[in-house]
Amino acid sequence: MADATQERLALTRRINRLVFAEYASVGWFKATTLGDLLAYAAGPDEEVVRAYDRDPHDPARDRDLIRVFLGEWLVCHHPESMGTYALEAEPFRRVDRAEALAAVQGIAAASIDSGGEIGGCLDWLTPVSDAEAADVPYSQLPRWFAALFGSDSRFYLRDDGGPWVVGLAPDAVGMMWME
């Protein structure tokens with residue numbers, strides 16, 4: 001179990017080190033573990049993350065967790081130019097895994113069609129390996145999204161100007177969206 005947890009942590013860190021094109025109509029993907037999200041949560045938001053962590057199978061807390069994810073953590077993990085600032089959690093509607101994965105696939109396909117490229121590692125970080133320094137094809141993102149958010153996850157979609165697809169796993173939250 002520890003190996004699987006470490007692999008998920010490594011994957012979320014890998015995703016967050018990717019370089020996405022700013023000012024371009026391409027997909028972005030960010031994800032975090034609940035532990036890392038907790039570091040950005042204060043006051044009532046801290047209790048939201050802790051309550052979700054205690055009972056991740058109760059969907060009553062999902063929108064609150066999405067709101068926390070869209071707040072400080074996401075703001076600190078992408079550039080100012082991105083259109084996810086002040087995105088509200090309420091318009092997200094719950095969807096099944098198949099619909100979420102189809103939306104993610106659509107985001108990747110649209111990014112490929114627009115000539116989007118993903119750099120392997122942010123300039124201000126040092127790649128930990130040659131593989132991390134290499135560019136990542138957009139076709140990889142749906143596979144990573146599916147790996148992080150399996151059958152034990154819940155999914156939310158907001159398609160009014162997005163799409164934005166949120167995955168909620170028992171130990172992680174993430175979003176892929178079309179910028």
Side-chain angles (χ1 to χ4, degrees), residues 1-2 4-20 22-23 27-95 100 103-104 107 118-119 121-128 132 141 144-145 147-150 152-179:
M1 185 68 168
T5 300
Q6 291 302 316
E7 286 177 22
R8 290 171 61 75
L9 178 61
L11 182 54
T12 61
R13 288 189 176 143
R14 175 74 173 112
I15 290 164
N16 293 328
R17 293 168 68 97
L18 295 173
V19 180
F20 294 96
E22 290 185 58
Y23 308 107
W28 277 61
F29 184 19
K30 294 291 181 177
T32 187
T33 63
L34 294 181
D36 286 345
L37 182 60
L38 192 58
Y40 289 84
D45 289 347
E46 181 180 349
E47 181 50 33
V48 166
V49 177
R50 290 187 189 284
Y52 182 90
D53 190 33
R54 283 190 301 270
D55 189 6
H57 302 291
D58 180 1
R61 296 179 184 86
D62 288 0
R63 279 199 176 70
D64 285 336
L65 188 68
I66 292 168
R67 180 188 50 75
V68 172
F69 172 77
L70 293 172
E72 291 295 318
W73 186 89
L74 191 60
V75 167
C76 292
H77 286 84
H78 70 70
E80 300 178 356
S81 64
M82 303 317 295
T84 58
Y85 284 110
L87 194 61
E88 294 180 20
E90 277 309 308
F92 281 88
R93 62 183 169 87
R94 188 156 174 197
V95 296
V104 165
I107 292 168
I118 304 170
C121 190
L122 293 163
D123 292 341
W124 53 273
L125 296 172
T126 303
V128 295
E132 186 178 60
L141 296 188
W144 282 346
F145 189 93
L148 278 178
F149 304 107
D152 60 347
S153 300
R154 286 184 300 282
F155 301 92
Y156 289 82
L157 175 66
R158 181 174 173 170
D159 45 18
D160 60 333
W164 295 275
V165 183
V166 172
L168 300 175
D171 61 347
V173 58
M175 182 169 72
M176 189 164 165
W177 71 96
M178 193 72 183
E179 188 55 41

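This structure is a prediction, so every number in the text was calculated from the model and none was measured. Sequence positions, counted from 1, serve as the residue numbers for this chain.
- Under the 3.5 Å distance criterion, the side-chain polar atoms of Arg8 are left unmatched by any main-chain donor or acceptor of Thr33.
- Note that the CD1 atom of Ile107 and the CD atom of Glu179 stand 11.0 Å from one another [nearest 0.5 Å].
- For the pair Val166 and Arg158, the minimum side-chain heavy-atom distance is 4.5 Å or more.
- Under the 4.5 Å side-chain criterion, counting only non-hydrogen atoms from C-beta, Arg61 is not in contact with Val48.
- Between Val95 and Val165 the shortest side-chain heavy-atom distance does not fall below 4.5 Å.
- Here the straight-line distance linking atom CG of Leu18 with atom CZ of Phe29 works out to 9.0 Å at 0.5 Å rounding.
- In this structure, Leu37 and Leu65 have side chains that are in contact, with non-hydrogen atoms separated by less than 4.5 Å.
- Of all the heavy atoms in Leu34 and Ala172, the pair that sits closest is CG-N, 4.1 Å.
- Using a 4.5 Å heavy-atom threshold, the side chains of Leu70 and Glu88 count as separate.
- Ile15 CD1 to Lys30 NZ: the interatomic distance, rounded to the nearest 0.5 Å, is 9.5 Å.
- One N or O on the side chain of Arg154 and one on the backbone of Pro56 form a donor-acceptor pair closer than 3.5 Å.
- Residues satisfying the ring-ring contact (aromatic ring centres under 6.0 Å, His included) criterion with Phe69, sequence neighbours excluded, are Trp73.
- Here the CH2 atom belonging to Trp28 is positioned 12.0 Å from the CG atom belonging to Leu141, to the nearest 0.5 angstrom.
- When the ring-ring contact (aromatic ring centres under 6.0 Å, His included) test is applied to Phe155, no partner is found at least two apart in sequence or on another chain.
- The OH atom of Tyr40 lies 11.0 Å from the CG atom of Leu74; values are rounded to the nearest 0.5 Å.
- Here the shortest heavy-atom pairing between Asp53 and Pro170 reads OD1-O, 4.4 Å.
- Between the Arg63 side chain and the Phe92 main chain, a donor and an acceptor come within less than 3.5 Å of each other.
- Between the CG atom in Leu168 and the CG atom in Asp152 there is a gap of 11.0 Å [rounded to 0.5 Å].
- Counting only residues at least two apart or on different chains, the side chain to side chain donor-acceptor pair (under 3.5 Å) pairs with a member in residues 10-20 are Arg17-Glu132.
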